[in-house]
Amino acid sequence: MEPRLSRYIWTHTRKQQLWILLVVALSMVPYFLSFDLPKQIVNGPIQGAGFDGPEATQPFLPISFDLPFFGVVNLFSGFDLGREGMLLALSLVFLLLVIINGLFKFYINTYKGRLGERLLRRIRFELVDRVLRFPPGHLKRVKPAEISTMIKDEVEPMGGFTGDAFVQPALLGGQALTALIFILLQSFWLGTIAASIVAVQAVIIPRMRRRLLVLGRERQLTARELSGRVSEIVDGIGTIRAHDTSNFERADIAARLGRIFKIRYDLYQWKFLVKFLNNFLAQVTPFLFYSIGGYFALQGRLDIGQLVAVIGAYKDLPGPLKELIDWDQARQDVQVKYAQVVEQFSVEPLIDPRVQAISVDPATPLTGALAAVNLSVTDDGGSKVVEHVSLQIQPGETVAITGGTSGGGEALAEAFGRLTWPATGRIVIGDADIHELPESVVGRRISYASSDVFAFQGSLGDNLLYGLKHAPLTEVVYEGDREAHRKWELVEAKLAGNPHYDLNSDWIDYQAAGATGPDDLFAKIRAVLDVVLLSNDVFALAVRSTIDPTEHEAFAGEIVAMRSALRQRLEAEKLSDLVVFFEPGSYNVEATVGENLLFGTVTDSGRWETALENHPFFKTVLKRAGLHETFYEMGLEIAENVVELFRDLPPDHPFFQQLTFMTAEEIPAYEALLQKVRGKPLEEVSEDDAIRIIRLCFGYIEPRHRFGLLTGDLMQKIVEARREFSDGLPADLVGIIEHYQPDRYMASATILDNVLFGRIGHKHTDGSERIRAIVRDLFESLGLYNKVLVFGLGFDVGAGGKRLTSGQRQKLNLARALIRVSDFYVFNQPLLALDQRTQDQITRKAFAFLRDGERKPAILWVLANRDLAELFDRVAHFENGRLARDERMETHSRDSDYKELAS
Amino acid sequence: MLLKDEVEMLRRITLFSGLPPAKLKLLAFTSDRVMYSRGEDLFHQGDIGDAAYVILSGNADVLVSTPNGQLKVAEVEQNSIVGEIAILCNTPRTATVKTTTPLEALRIRKDDFLKLLADFPEMAVEIMRVLADRLSQTTSELTEARSRAQRAEA
């Protein structure tokens, strides 16, 4: 990248800079006209110069030229106006000039702003583009947060500077120069004094600024390191807390902040010292004028008029000069920042842009063998992890790599996956070096997966298909406003040197997944999910998600229809007691009292809490149903029991996790409340206290809590009160509760709850697993499995995929590689987080999946478990970074048979 | 069966007999009441142990897999506790427990159980006593088996 900012700006904005200079020059015309006008207004119409009598008129806006040879040419003799008319006309002209000046300023500022923003966009893009082309070794050394601070914050001031880069010095320099020349013309000596003071300023101030620049650079570096450290703390918070090193981190941060403070304070001191000196020099010039000029005037060597003119003209010099010096400071500042950033991004060797060039055509299959030729790979410490290895994998061949962590097989696989670059030797396909072939070939025809997974924030499905998004494959047709917007996007992208690939296009390369289009892609997704044993996880995520039934009306209908199918199924398997269904006419013992009373779920618990306390509706309904007193008694009983059980436990005791009625902090309050109300009849208890007790009932489940509080009679009463709750619900409470209706989908409940339409019984330990298995079976048999799986694919995996378990992430990563049609698959112990049995199972399935069809791709698999080697054609065994044995499987097994016999 | 009945049951188990009734009630409250029909597994050999079971009613067999199929090593009945070894020493289940009649049990989660042991040392001593009993029984059975094996060889 160009190391000097001014040259970078000039290269990319030359035309625009010249244009804006021209516009600025043009804007000077009305600017100077507006200077002259006030004098004309005051002298002319106000003071009456040129108006001899009250009736006298003067021409307004005469247009005449005094041309040589022709004499005066009179084009327009102007309007004759009296004093008032003239005053109005000239004032209007003044207003017009104000408007014109304002418009010029507006245009110039927006133009400069746009210029700056475009350049900022260009720099930022260029930096990210470089990150995408960094060599792998460099990426291990840099902290992501530092890179992002550089791209986000540190280049920001460059945008603001761009517009002023050339215009400002031209404008201000011109002004200062004019003033200086004027002084020189008035008096040579005084002019020389002024010029020499300016020269001193021009020499000394920038020199003093050098220190400022050094400090500025330090400030930038320390701030960047601070942001790197802060992000390290956030990432490593678990480790910090686990080792009680938080105070070490505090000390480190405090020390850094101290250093930053010192630098910044130094900076301020210098800055104001420079400012002081600058001001002093500016003020000392008039002193010289007065003393020396005055002395000359007394001596009669200078006339007083000249002296006054010089002092008057000098007023115009310090202003532009100061701004010019400020501009220079800004320039140096951004130059330092720019140079700093560029230095960080000038990494050699960057990947050639041609290697990453976009290609919309399908990549041609690789026909040559993938081979390491005399390959050595070193780690960051410089020690060799792979030493002079030559290994060839023919197309269609399957090779297992064994030898464990220190063997070097993993490092070799990483080199095949282009995660590390060879220290010596080459990796070739046929005759071509893998690092010289375009990524549109090697990045598609070779698939790599290791246990080191990165999942992007987004849906599970997006992550699964991530490996297919190579290029925008469809041309999106825009209409109306969107078309105009797209055109604008294209033009702007081009002006800022950005690529204009359309993000709205379909980037998924269906062919690369072995599908023909979006319709049959799902079959492929399903197949790979099955191979890596992720389908069940995705299904579990799917049924735990909530969907909007208005958006998926047909699907919601099918779910509702499944309810009766589930019942039949459970009855057929004699498992009816697994789930207690919601029936409008009967009490559901596995649901809370609250759910039974409302016969629905609370959708907005905040509103519900306040309504319970303040709204008269609940109390009246409870009273009418004869439940008010019963609930009060029941609540008392619950409170007594809970207080007795948990009173002595410390608030952080794990048993509190079992407590659903109240929190540990509320126990003392309820204990006091019980003291207060014990033995009193309900009438004497205050309303608030009664409600606090009654609300305890709502969470009660008899089989779960087993206090023995629910009698058949009470259940009957609760069921009877249901109707009142649903029918009589006042308008201001509508929407707080979603009622259970056997023929309607509940938007606030999960898909699984919607299928069950009931509660899983507490009696069976594995009830929920069994139900899930049955529901899955049911989805499968009704042909809805794929439909529901789609909702699981919509699951947001979180930043870095953290909402998935590490096992799930590795499965996803393997699936991401498997869904791509490639010629070579390199798997580097991709499933380390899983137990041995599952690893074996998935490896076998993946192997069968890839080798199943007509296509027989080559597979290179670094195995954790040697038993699986029998699947492969060849086994390459590594020891200490060297290829120790490379043998065909048949001989290998014969060999081992022999060994077994011998022993 | 209500919480207070469960407390009565727990009191009859030697392991818990030393605990104050309030703690027994807490133990019962934090545990799940589970039911099994005949022939179901409470847990399976090799699984990770996450809970112990107090049998409230019914019977079950303790089975160990051997190369020659499953071998019944013991029988558990009402008022006994099973599965506590796996949660004490964090090993996989050493045996399978299969019901022989419909069975009702109280399932005590591992964390709750360990917390109770920490809070009540007398319970830990009782556990030790039970384990030592079992160890001596196992040792004598082993001695017997060894001598039988020696005799067979001779």
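All values derive from a computational prediction rather than experimental measurement. What's counted below: heavy atoms across the whole structure, side chains too, no hydrogens, waters or symmetry copies. Reminder, nothing fancy here: chain letters follow the sequence lines and each chain counts from 1.
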Interatomic spacing from CG in A:Leu645 to OG1 in B:Thr30 - rounded to 0.5 Å: 9.0 Å
Toward chain A, the part of B:Asp112 with a non-hydrogen atom under 4.5 Å: both
CD/A:Glu644: more than 12 non-hydrogen atoms of other groups inside 6.0 Å: yes
Sidechain N-carboxylate O distance under 4.0 Å for A:Arg770, B:Glu40: yes
Flag if over 12 foreign heavy atoms under 6.0 Å of CZ, B:Arg12: yes
Residue pair A:Arg704 / B:Phe29: nearest heavy atoms and the distance that separates them: NH1-O, 3.8 Å
Heavy atoms from other residues, nucleotides or ligands near NZ of B:Lys110 exceed 12 (cutoff 6.0 Å): yes
Chain A contact via B:Lys25 - which portion, at a heavy-atom distance below 4.5 Å: both
Heavy atoms of other groups near A:Arg678 CZ, more than 12 under 6.0 Å: yes
Any donor-acceptor N/O pair, A:Arg706 side chain to B:Ala28 backbone, under 3.5 Å: yes
Neighbour count >12 (heavy atoms, 6.0 Å) for atom CZ, B:Arg38: no
